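Worksheet for the structure shown next.
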Amino acid sequence: MPRILVTNDDGVHSEGIQALAAALNPLGDVTVIAPHTESSAIGHALTLRRPLRIETYKSGFYAVDGTPTDCVNLGVAVLLKNQLPDLVVSGINAGWNLGDDVTYSGTVAGALEGALLGVPAIAISLRRRPDHVFDFAPSAQAAALLAELVLRHGLPDRTFLNVNVPDGMPRGFRRTVQGKRNHITKIAERLDPRGKPYYWIEEGIDEWTLEDRSDYQAVREGYISVSLLSPDMTAYSAMEGLEALPLPEEWLNDVKTPR
Ligand code: MN
């Protein structure tokens, strides 16, 4: 039986992780370890300045007062006794993780940590609806299908799938690239009862650069977006921009690698 480690950033109590674990159960030995409270937008944070504890939430489900990245590491080291799982799956997040927003996402970070440990990984997210009513069934089904494929065929080294599922019944799958959101973060200023200002970071504006192959375009057209991400953020396609920076010759020691 393959070993599957499941995490998320919405917390161990969330409906999405229950649906995901249930869908993956027929494929292997599923262990769920997730933050004990909602930790969305916590990114790839690692808790280093306080102790962490693992609590049993219910059979096969464990809660940590930490981040998804903490959970993956504690899951491997403690629950799986230092045996790497065959697959890490993170989600199902209540809300998309598309384009540039993947850098904020704790859901995506859970899968990224799997990739860094050398384990094939999948992050999966579902559209957030204004009424907060979710049907996790289609995304759970997609997660199981993709998990089965990844268990059988693997993924390239140090990569993971970022999967986003539209509302309603998906029209199929589309292979995509990371989209670009026109990034305007809205910050609301209000006054507290003592007349001092406080700030609230609000959802960014939903304007996207049009790109036929983008993850955003796929979900907008009703398809499940499947992109392949990597922790390597080097801008390979723009290396000449770095080469054009006039670093002082006498300090410079580039290693020339053939392209
Ligand atoms: Mn979340």
Side-chain angles (χ1 to χ4, degrees), residues 4-24 30-47 52 57 61-75 88-115 121-140 142-143 146-147 160-167 170 178-179 181 183 185-186 200-206 208 215-216 219 224-227 229 231:
I4 305 173
L5 191 67
V6 170
T7 193
N8 76 349
D9 74 359
D10 290 343
V12 73
H13 310 84
S14 75
E15 204 186 328
I17 203 166
Q18 319 283 332
L20 178 61
L24 297 177
V30 177
T31 304
V32 177
I33 181 165
H36 80 148
T37 51
E38 151 92 50
S39 309
S40 292
I42 205 158
H44 197 204
L46 195 58
T47 303
L52 293 166
Y57 169 61
F61 282 67
Y62 301 88
V64 176
D65 55 344
T67 69
T69 304
D70 297 336
C71 289
V72 170
N73 284 291
L74 287 182
V88 170
V89 188
S90 184
I92 302 165
N93 191 60
W96 280 335
N97 283 302
L98 298 166
D100 304 321
D101 288 349
V102 300
T103 57
Y104 301 114
S105 168
T107 306
V108 170
L112 189 152
E113 191 64 11
I122 303 171
I124 182 155
S125 308
L126 174 63
R127 182 181 195 182
R128 185 188 312 152
R129 291 171 28 144
D131 58 5
H132 289 266
V133 177
F134 291 95
D135 176 11
F136 286 100
S139 39
L146 290 165
F160 61 98
L161 295 183
N162 185 34
V163 181
N164 284 277
V165 181
D167 218 1
Q178 201 178 311
R181 185 152 68 88
H183 228 87
T185 305
K186 267 172 62 185
W200 199 263
I201 297 177
E202 298 191 333
E203 291 275 308
I205 292 167
D206 248 5
W208 294 78
D215 49 8
Y216 175 71
V219 291
I224 298 173
S225 160
V226 183
S227 47
L229 305 187

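Everything numeric here is computed off the predicted structure, so don't read it as measured data. Every number for a ligand or one of its atoms is a count from 1 in the order of the listing. Positions are given from 1, in the same order as the sequence printed here.
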- Task: Apply the side-chain contact (heavy atoms from CB on, under 4.5 Å) test between Thr107 and each candidate in Asn162, Ile124, Val102, Asn93; give the one that qualifies.
- Result: Asn93

- Task: Have a look at Thr67 and tell me which of Asn73, Val72, Ile42, Leu52 forms a side-chain contact (heavy atoms from CB on, under 4.5 Å) with it.
- Result: Ile42

- Of all the N, O or S atoms in Asp9, the one nearest to the Mn ion (ligand 1) is OD1

- Task: Taking the Mn ion (ligand 1) as the reference point, name the nearest N/O/S atom of Asp10.
- Result: OD1

- Task: Tell me whether Asn93 has at least one N, O or S atom under 2.8 Å from the Mn ion (ligand 1).
- Result: yes

- Item | Whether Ser40 has an N, O or S atom under 2.8 Å from the Mn ion (ligand 1) | yes

- Message: Checking Asn97 against Ser125: is there a side-chain donor and acceptor pair closer than 3.5 Å?
- Response: yes

- Looking at Asp215 and Gly179, what are the two nearest heavy atoms and their distance? OD1-N, 2.9 Å

